[in-house]
Protein chains: 2
Amino acid sequence: MPQFLKDNKKYYTPVEYVFAKIGGTYKMPLLWRLKDKTWRYSELKESIAHLSDRMLSKNLKELLNDGFINKEVIPEVPVRTEYSITEKGMNSIPIISMLRDYGFELMKDDGIKH
Amino acid sequence: MPQFLKDNKKYYTPVEYVFAKIGGTYKMPLLWRLKDKTWRYSELKESIAHLSDRMLSKNLKELLNDGFINKEVIPEVPVRTEYSITEKGMNSIPIISMLRDYGFELMKDDGIKH
DNA sequence: CGGAATCCGGAACGATACTG
DNA sequence: CAGTATCGTTCCGGATTCCG
């Protein structure tokens, strides 16, 4: 008894829908970086050390298809690709910010220094 | 190059730490239900139709160990078990509330009715 | 330089049966 | 009533290779 369907996938709660769109390990870190300026593919790659090409391109593509980011290919040699955030993407920033703050709070409670 | 370790697990961002504590499919729905009143195990089970005993007990145990909820066993026959939210758990409610609101917003953008 | 395609392992998750 | 044990499956993400 699903509450709603979207693209042949069942969702039971709105929170679940948020996770489907900007959840996972890398999407929020990517959006967080893109909120201030445009980034090149290689810059994003270097800024998240443990991130593989597979996961980076996969996550960028999904964020692009879901309207959270823009992609601009500049036909230089070699080619340059710039990623930027959309208005829809910017709407997610306060959410991520709140989750970050709450994360720091939980870490502090658990005696984790950062 | 992990940013920090906790219980032999690597975390790279505070958001990741939040997901480790109250992420997954069921923890937020459980906390959301417990915010208003105490619930019995069987009541929680019935209120989330697609939730198995295995996942319910597993998630309740983790929330208990992490201090988000309380458990009280009332030695009647048959035994009754009451779950309630802690102050630490209540701190997560505004986060969940914001995620819910944002989820409804995303759903509306995507033409999903609820 | 900026990806895509394929393969694969482990953890998460589900279904079912059983128990104090 | 409130779980636990066991087994099977799914899926996320890593490693590797290749391409315009």
Side-chain angles (χ1 to χ4, degrees), chain A residues 1-2 7-13 15-16 18-30 33-34 38-65 69-84, chain B residues 1-2 7-13 15-16 19-30 33-34 38-66 69-84:
Chain A
M1 45 191 69
D7 301 330
N8 277 334
K9 192 186 174 318
K10 288 180 297 186
Y11 298 95
Y12 294 92
T13 67
V15 174
E16 204 174 330
V18 174
F19 288 175
K21 293 298 176 181
I22 60 171
T25 308
Y26 303 112
K27 285 183 179 174
M28 289 193 195
L30 288 171
R33 280 164 177 73
L34 291 168
T38 62
W39 289 64
R40 299 183 57 169
Y41 180 92
S42 53
E43 291 172 335
L44 290 169
K45 177 85 189 293
E46 287 162 26
S47 80
I48 307 180
H50 56 291
L51 171 57
S52 67
D53 279 324
R54 179 192 191 282
M55 295 314 293
L56 178 55
S57 66
K58 183 171 177 293
N59 281 284
L60 287 173
K61 181 184 285 184
E62 289 175 8
L63 288 173
L64 183 65
N65 289 339
I69 63 174
N70 293 312
K71 173 183 180 175
E72 186 188 4
V73 180
I74 296 121
E76 297 174 351
V77 179
V79 68
R80 201 171 85 229
T81 311
E82 300 273 6
Y83 289 93
S84 57
Chain B
M1 45 190 67
D7 301 331
N8 278 334
K9 191 184 176 319
K10 288 181 298 189
Y11 298 95
Y12 294 92
T13 66
V15 174
E16 204 173 329
F19 288 174
K21 294 297 176 182
I22 60 169
T25 309
Y26 303 111
K27 285 183 179 176
M28 289 193 196
L30 288 172
R33 279 164 177 73
L34 291 168
T38 61
W39 289 64
R40 301 184 57 167
Y41 179 93
S42 53
E43 291 172 336
L44 290 169
K45 177 85 191 293
E46 284 162 28
S47 80
I48 308 180
H50 57 292
L51 169 58
S52 66
D53 279 323
R54 169 178 146 70
M55 295 312 294
L56 177 55
S57 67
K58 181 173 178 294
N59 281 284
L60 287 174
K61 185 183 288 184
E62 289 176 9
L63 287 173
L64 182 66
N65 289 338
D66 288 332
I69 62 173
N70 293 312
K71 171 181 179 175
E72 186 188 5
V73 179
I74 294 121
E76 297 174 350
V77 179
V79 66
R80 201 171 86 229
T81 311
E82 300 274 5
Y83 289 94
S84 57

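The shown structure was predicted, so the numbers you read here are calculated from the model rather than taken from an experiment. Per chain, numbering begins at 1; letters A, B, ... match sequence-line order.
The number of heavy-atom neighbours closer than 6.0 Å to NZ of B:K61, taken from other residues, nucleotides and ligands shown, is 12 or below.
A residue-by-residue look at B:N59 and B:D53 shows that B:N59 has its nearest nucleotide of DNA chain C further toward the 5' end. Two residues, B:S57 and B:V79, neighbour DNA chain D, and the one matched to the more 5' nucleotide by heavy-atom proximity is B:V79. Two residues, B:E43 and A:S52, neighbour DNA chain D, and the one matched to the more 5' nucleotide by heavy-atom proximity is B:E43. When the nearest nucleotides of DNA chain C are assigned to A:L60 and A:R54 by heavy-atom distance, the more 5′-ward of the two goes with A:L60.
Going from atom NZ of B:K27 over to atom CD of B:E62 covers 4.0 Å, rounded to the nearest 0.5 Å. Here OG of B:S84 is found 12.0 Å from NZ of B:K71. Values are rounded to the nearest 0.5 Å.
Boundaries of the chain B contact region on DNA chain D are D:dC1 to D:dT6, first to last in 5' to 3' order (nucleotide atom under 4.0 Å from a heavy atom). Contact footprint of chain A on DNA chain C: nucleotides with an atom under 4.0 Å from a non-hydrogen protein atom, first to last in 5' to 3' order, C:dC1 to C:dC7.
Of the candidates A:L60, A:T81, A:N59, A:L60 is the only one forming a side chain to side chain contact (heavy atoms under 4.5 Å, CB included) with A:L44.
Contacts of A:Y83 classified as ring pair (Phe, Tyr, Trp, His ring centres under 6.0 Å), with partners at least two apart in sequence or in another chain: none. Every residue two or more places apart in sequence or in another chain that forms a side-chain contact (heavy atoms from CB on, under 4.5 Å) with A:R80 is listed here: A:R40, A:I74, A:E76, A:E82. For A:K21, the side-chain contact (heavy atoms from CB on, under 4.5 Å) criterion is met by A:Y17, A:D66, A:F68, B:L106, B:D110, not counting sequence neighbours.
Looking at heavy atoms from C-beta onward, A:M55 lies out of side-chain contact with A:T25 at the 4.5 angstrom threshold. For the pair A:N70/A:T38, no side-chain contact is recorded, criterion being any heavy-atom separation below 4.5 Å from C-beta on. Between B:Y26 and B:L56 the shortest side-chain heavy-atom distance does not fall below 4.5 Å.
Taking each heavy atom of A:R33 and A:S47 in turn, the nearest pair found is NE-OG, 2.8 Å.
Terminal axes of the helix from C:dC1-D:dG20 to C:dG20-D:dC1 (five pairs each, C1' rotation axis) are separated by 50°, to the nearest 10°.
Here A:K45 lies out of heavy-atom contact (under 4.0 Å) with every strand.
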